[in-house]
Amino acid sequence: RVDMVESGGDSVQAGGSLRLTCEYSKVIYTSTCMGWFRQAPGKEREGVAFMYADGDTNYADSVKGRFTVSKDYAKNTLYLQMNSLKPDDTAQYFCAADGGQAGGSCSFDQSDYAYWGQGTQVTVSS
C-alpha cells in the first residue's frame, strides 16, 4: 500500500523555482502534521516545512521566505513551492505525515512521522 506519492522534482539553475506535489491516501486523514523533509548525499534527513491541522505552518530557517507549504484538501494533495533555489537545496525531498499525535505544533524530528513518500530529486546547479 502506497500512502504518499511525491512528484515535481527536477534539475534547475540557481534562482529558479519548482513546485513539489504529494498525493496522499485517505489513511492520512487523521494526521495532525504533514510536511516535507529533505536529504542531501552524505547528510542526515532534515525537516523543511510543515503544516499543522489548523493551517499553521513552520519552516526551517534555511528556507524561510523562499519555500511555501500548502494543501488542497479536495485533491488530497500537499504542495511545496520552492522559489529562489540555491545549490544547497539540492536533495531528495520526501513528504511525510504523522499519526495524529502532534499537540499544537509540528515536529521537525523524522521519528515523529509515521507515513512517508518515496522521494523526489531536486538538483540546483550554480
Side-chain angles (χ1 to χ4, degrees):
R1 184 185 75 192
V2 178
D3 295 320
M4 307 185 86
V5 179
E6 305 96 334
S7 62
D10 205 344
S11 296
V12 297
Q13 290 192 328
S17 298
L18 282 175
R19 188 178 77 160
L20 304 183
T21 298
C22 174
E23 296 180 55
Y24 55 88
S25 69
K26 291 181 179 180
V27 72
I28 307 296
Y29 284 4
T30 57
S31 292
T32 310
C33 286
M34 296 181 68
W36 296 88
F37 287 80
R38 68 185 180 186
Q39 187 166 20
K43 295 186 177 181
E44 293 191 357
R45 191 171 296 188
E46 63 172 351
V48 175
F50 300 92
M51 177 174 281
Y52 192 68
D54 64 0
D56 281 350
T57 57
N58 51 341
Y59 298 90
D61 288 343
S62 59
V63 306
K64 279 181 182 176
R66 300 188 298 121
F67 289 13
T68 303
V69 60
S70 61
K71 189 187 295 184
D72 186 328
Y73 292 89
K75 295 182 178 180
N76 294 346
T77 302
L78 183 75
Y79 300 100
L80 183 67
Q81 177 67 43
M82 305 186 294
N83 299 327
S84 301
L85 282 162
K86 305 174 181 179
D88 285 348
D89 295 320
T90 295
Q92 187 86 346
Y93 283 72
F94 301 87
C95 61
D98 71 4
Q101 78 277 15
S105 63
C106 293
S107 166
F108 280 72
D109 186 342
Q110 61 175 315
S111 66
D112 290 326
Y113 291 81
Y115 303 97
W116 291 86
Q118 81 289 350
T120 187
Q121 179 66 34
V122 172
T123 302
V124 184
S125 58
S126 57

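- Residues S107 and D109 bring no donor and acceptor atom of their side chains to less than 3.5 Å of each other.
- Proximity of the aromatic rings of Y113 and F37 is defined here by a centroid distance below 6.0 angstrom, and this criterion is met.
- Across every non-hydrogen atom of C106 and N58, the tightest pair is O-ND2, 3.4 Å.
- Taking CZ from F67 and OG from S17, the interatomic distance works out to 9.5 Å, rounded to the nearest 0.5 Å.
- Interatomic distance, L78 CG to S70 OG, rounded to the nearest 0.5 Å: 7.0 Å.
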- Task: Go through K64 and D61 one step at a time and tell me if the salt bridge (charged side-chain N to carboxylate O under 4.0 Å, His left out) criterion holds.
- Result: CA-CA 5 Å; K64 279 181 182 176; D61 288 343; 3.1 Å; yes

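- Annotation: K71, atom NZ; neighbour count of heavy atoms from other residues, nucleotides and ligands within 6.0 Å is above 12.
- The shortest side-chain heavy-atom distance between E23 and N76 does not fall under the 4.5 Å cut-off.
- At a threshold of 4.5 Å between non-hydrogen side-chain atoms, the residues T90 and Q121 count as touching.
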- Query: Run the side chain to side chain contact (heavy atoms under 4.5 Å, CB included) check on Q110 and W116 step by step: do they pass?
  - Reply: CA-CA 10 Å; Q110 61 175 315; W116 291 86; 3.8 Å; yes

- Task: Apply side chain to side chain contact (heavy atoms under 4.5 Å, CB included) to F94 and M4, showing your working.
- Result: CA-CA 9 Å; F94 301 87; M4 307 185 86; over 6 Å; no

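- Atom-to-atom distance recorded for C22:SG and E6:CD is 5.5 Å, nearest 0.5 angstrom.
- For the residue pair D72/T77, the side-chain donor-acceptor check at 3.5 Å is not satisfied.
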